[in-house]
Every structure is written in structure tokens, then in C-alpha cells.
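Residue numbers begin at 1 in each chain, while the letters A, B, ... track the order of the sequences.
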Amino acid sequence: METFDMICLQHPDSVFIIEAYTDRTVTYGDLLPMVNGLANRLHEQGIRKGERVVLLFDNQLEYIVAHFALLRLGAIAVPLAADTGEDMLRHVLDQAKPFCLLGKDGLKLPINMNDIHLKSYDPLHMLSVTEQHLRQEMSPDTVFAPVQLDDEDPIAILYTSGTTGRSKGVVMKYGAVMADFDDYGQDLGFDRTTRIIQMMPIHHADGWCYSFLLPFRFGSSVLLTPAFQASVGANFDRLVGQYGGNVMIAVPSMLKSLLAFKPRYQEPVAGKLRYVLCGSAKLHHELTATFEEQFDTRILENYGSTEALLIAYYTPDTPYRKGSVGIRAPRCEIRIAEDGEIAVRSPYLFGGYYRLPEVTAEVLKDGWYYTGDEGFVDEDGYLHLVGRKTQDVINKAGKKIAASVIDEVLLACPGVADAATLGLPDAMYGEDVYCFVAAAATGKLTETELMEYAKANLPREQWPKRIIIVEAIPRTAIGKVIRSVLTEIMR
Amino acid sequence: MESIDQGVRSTLQKITGVSPVEPHSLLREDLGIDSFQFVQLVVELENMLKVRIDDAHLNINCYTDVASLSDYLTEISNKSEGIA
């Protein structure tokens, strides 16, 4: 981590973090003593290498500083949304068994900390991190001797979106993350003039990458906004004008929202973005063409996952090819299995699902990670996605939802005999949740009642767009749902 | 001509697929409106009512239910008519 000091000291007056709208900033020169000051405080609290620490912040500078402090200590960050619900928080605490929680000022937890008794520490405690604290703790001579990190050392556990019981902690290894960021940042031409507009939630894999080590490695700056919402989209002209953002990371739904808001903008937005990095969900050619034309920029699609990081992507020099998610990442091998599934082997791969060796073994075999996606590589090396091996995962605006878990919830509803949940094309999200339900006694259930039941028992992002009552769920002789019949009903 | 309240409810019904939308329906809890749907709602209501929602009100948390959104839109609609 001597590199950390070196990067901070190379251009100490350069801005590393700007919070749009609050105008709070941290320069590279401030980052070093700020991180060291917090690292000292956390060390005094007893945090050591390998300990897990849950981070509960919004998109704010304290999160980034806290994450770097944990990196100095060799501790493992477990970022969660500040408004994480009780079930999810309990699940993570139970599985990750953190040393403590670091959170934003005034954070109200959905659980009573005195009720949490993990094996080693009693009770679990929470520390708040504020800019005021950080500045009080720092001085030009604030030092901290960082621990040595090896490539295999985990630096974060990112919990996948999805259901409480099945949410898995993806172990991010130091060497893998740095290799991926080095390659991608170089290919994109990141440098000190790059200012990334970061509107993704910071606990999400994309938000995590683009607000932390990736821009830092290249001396770039992060323009941090609240996680995307209407007020952010409506003021996008300020982000590229007043705040100088010139690169953006987005999911397709955000691009649609920005197009919708464009007539509101008072400042010019065309030609301000060097490019837009877009992934996580299906990006349609028409949306790409419209956005590129309206904003006079280039959309560089990418394909990857939290487990594999980047598998394929476009760079500013890659000619666009319709239907492709880009060219294979430089140190990534791609193998198409006999059934069409994309498998990858690269230095970027994750270190398994935390404390779930059996689940890890299902996707990580002989050094190859099996993505669950199906595709092919064309004669020029472009990767094309054609479908998913399992239909269980619904990709709603980049959030992965397990269809089988929604089925389980619906099957627990009195009067439901059978259920099948599908992800069907949706103009806003790429895919949305559609549930088909067969009632045990026809006529005793209504779609409205079922929807109320689903809403009461599922997290909001998993709420079905529609629930359709059918006489029976069409299944093959071995019980597999015949999707084509259900899809036909929707037509 | 549709009243503002009717316009808000029919727009919400179109965006969320929930029917009926009641004045006391909660935007997030009952209708499941997320950040992307809220953007769509804002743009459609602004175009329909020929109003501009100010930045301070571009937050879904400003509105407890459908009625409170309708009330705000009525207020700014009256103001813009007054100016005109």
C-alpha cells in the first residue's frame, strides 16, 4: 500500500471526491491523513487484518474514506445500503460475523444492537464516521503503518442483490480487483482529467468499483451524487457543466430517464461526456443510438459480473458491433461450454461466496467461472449474449431477482396450487417480474388479493408487475415449466 | 376535461399497472413506485399539466400519498395560471 501514499502525494491539490449538490470535496492531499486518522481510530478499537466491518452509508465521502481506512488495516469491508432492512441486515451479520459496523451520522438501524450477540464479540457495536471527525483526526503528520496485502487477500465482501436467504457474499480479492481495474482503466484512457459521474448505489458492484480503487489508481476524480433519483436526473446539466463530470457509469434505465429529462436542461449537455460506461442489464440498440445522438457521446457497453468483474467491453477505440457486448477483456479467457454457457478464466475472478463452499463449487470449476449466460464469440472476437442457461434469474434494471423465490412466496399463499414466475421484456427495466398462478379452487383468488399478498411478503424491487391467474401452470412430464405457453398468454 | 386528481391517478395506473389507484394510496408502499418510475411520472405529469415541478419537490419522499401529489400539482398549476 505504499502505492497509496505515492498516489496521494503525487498531486496533492487534485480533487479526488466531489459530492455534487453539497459541494463537499476531498483532495488527494487530504485523503492520505484523513484515511490514516480514521485507520488509527479503528486500530485503537481493535480492528485487525481479516476482520469484517459492515459499512452502512449513502453515496457520501465518508464511505470512501472509511473503505480506504479498512484497506490500510487489511480489514474486509462489507458495504450495505444505509437503509438495509432488518431481514437482510440480520442475514449479513449472521453470515459475515463482523467486528463492528461503521455508519453515517444519525443512522437508525432496523435492529437493536444490544440484541445482536455474535460469537466472538458481545455486544456488536457501531461507530459513526463524519467529515467533522475525519478532519479533526487528521493533521499533516498523521501517519499509519499499513499492513501488507497479498493478491489473495480479500478486501471486500459484496452481497448480491436478491433475496435475504439466498443473498451471497462475493469475496473480492485484492489482486483480482487491482488487475481488473488496471486493465480496464488503461484501456479506457483514465487519467487525472477523468471525472466519473457516479450515480450508482455505492454498495452495488458498479458503484463500489467506480467510487473507490478504479478512479484512485489513475488519479481521477469521482463526482458522487445520491443514488440515482429524479432530482439527480433533473440536474444532470449541472453535473456535466458546473461540476465538470466527463465520464458516466449507468444502467440502461438511467439513460432513459436522462433522455426524458433532457428538455428541462438549461445548460448544454451535448458533447460533455467523453463516453458512458453501461452494463448490468440489456442495452437495446435503439436506446444506444438515441442517447448517443442526443448527448453527442459514445456508449461503451460492458459485460461482467461481481464474481468475474469484466469479461468483455468496448473501449473508445473499439468499433461498435450491433448485438455484441464488446471484445473479450485482455487477460480473460472465454470458453463456450457444450450447452452454450459462457465460462471465463482470468486473474479477475472472485474468491468464492463467503462461507458457502458448496455454492461456490457449483459455479467455480477448475479455475473456470460459469456465468449462467449463454453466448458466442464471433470471428473478430466480439462476445454476443443470446440467453441465460437458467431462467431463474430475472434482471430488472441490473438487479438480479430469483424467480424461484417469488414462486415460493406465492405458493405459501393460502389457495395457491402452483406458481411460475418469469422475467419478460419491459421497456423501462429491460425485464420485469410476471407471475402466473394456478388457484387450488378456481374463483377463490383474485389477482388483486394475490398482489397484496406478494407486496406484503416480498421486497419492493421484487414486486410483480403483474400476476395472472391461469387454470394450470403448463409443465413438461418432468415438471419443468413450459415458458413458451405462458409467454404466449401475455401476447 | 380530467381533473388534476384524475390525471394523476390515471397516469399512476398506466405506469404501475395497479388499479384502482386511490387518493390515499401510498406511492412507494402501495404502488411500488421506484426511482425510474418516478422520473416517468414527473415527466408525464409535467407535460400533461404544463407545469414544472421544482427541484425541492423532485423527491418521492415529499409525497406521502397520491392525494398529496395531486395537492402539490394543483398548487403549482394554479400559480402558473395566475402568472399567465
Side-chain angles (χ1 to χ4, degrees), chain A residues 21 83 199-201 225-238 250-266 281 396-399 426-430 432-435 446-448 451-452 454-456 458-468 490, chain B residues 7-66 68-70 72-73 76-77 79-80 83:
Chain A
Y21 314 132
D83 61 352
M199 308 187 286
M200 306 288 285
T225 78
F228 187 82
Q229 53 187 270
S231 56
V232 174
N235 286 287
F236 182 76
D237 55 339
R238 288 177 62 197
V251 295
S253 301
M254 289 180 186
L255 304 182
K256 280 185 194 155
S257 296
L258 294 178
L259 279 169
F261 270 136
K262 188 163 178 277
R264 292 175 67 112
Y265 300 147
Q266 296 178 347
K396 183 178 178 182
K399 288 189 175 169
D426 182 82
M428 183 178 295
Y429 303 114
D432 209 340
V433 178
Y434 287 78
C435 302
T446 67
E447 291 175 1
T448 306
M451 186 64 85
E452 284 175 8
K455 287 181 175 178
L458 288 166
R460 186 175 293 115
E461 68 270 17
Q462 297 177 21
W463 288 1
K465 180 157 189 178
R466 278 197 61 191
I467 297 180
I468 303 103
M490 292 311 296
Chain B
V8 169
R9 286 199 272 161
S10 63
T11 307
L12 279 166
Q13 191 172 320
K14 187 182 85 175
I15 291 172
T16 64
V18 174
S19 178
V21 172
E22 305 288 357
H24 59 267
S25 296
L26 305 176
L27 295 181
R28 285 162 63 90
E29 289 78 3
D30 294 335
L31 305 180
I33 291 270
D34 64 20
S35 54
F36 300 121
Q37 288 175 317
F38 188 65
V39 170
Q40 189 184 353
L41 179 67
V42 165
V43 171
E44 293 205 13
L45 290 175
E46 284 189 341
N47 290 339
M48 182 174 72
L49 301 172
K50 305 281 185 288
V51 294
R52 174 60 53 93
I53 297 174
D54 65 51
D55 284 357
H57 287 85
L58 281 176
N59 187 332
I60 194 169
N61 296 325
C62 293
Y63 313 100
T64 50
D65 55 17
V66 174
S68 64
L69 175 59
S70 298
Y72 170 71
L73 289 166
I76 59 172
S77 180
K79 274 184 193 166
S80 68
I83 292 166

Holding to ring-ring contact (aromatic ring centres under 6.0 Å, His included), I want the full list of residues that pass it with A/Tyr434, two or more places apart in sequence or in another chain. none
Can you see which heavy atom on [X] is nearest to which on [Y], and at what distance?
X	Y	answer
A/Arg264	B/Ile53	NH2-O, 3.0 Å
A/Val251	A/Met200	CG1-CE, 3.6 Å
B/Gln13	B/Val18	CG-O, 3.1 Å
B/Leu58	A/Ala230	O-CB, 3.6 Å

What part of [X] gets closer than 4.5 Å to chain A, counting heavy atoms only: side chain, backbone, both or neither?
X	answer
B/Arg52	side chain
B/Gln40	side chain
B/Glu46	side chain

Under a 4.5 Å heavy-atom cut-off, does chain B meet the side chain of [X], its backbone, both or neither?
X	value
A/Ala227	neither
A/Arg466	neither
A/Met254	both

Top contributor to chain A interface from B/Asn59, B/Val42, B/Asp30 [non-hydrogen pairs under 4.5 Å]: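 Most heavy-atom pairs within the cutoff with chain A belong to B/Asp30.
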Please list all pairs passing the ring pair (Phe, Tyr, Trp, His ring centres under 6.0 Å) test where one or both residues lie in residues 27-62 of chain B, with sequence neighbours left out. A/Phe228-B/Phe36, B/His57-B/Tyr72
Please identify, among A/Lys465, A/Gln229, A/Arg460, the residue contributing the most non-hydrogen atom pairs under 4.5 Å to chain B. A/Arg460
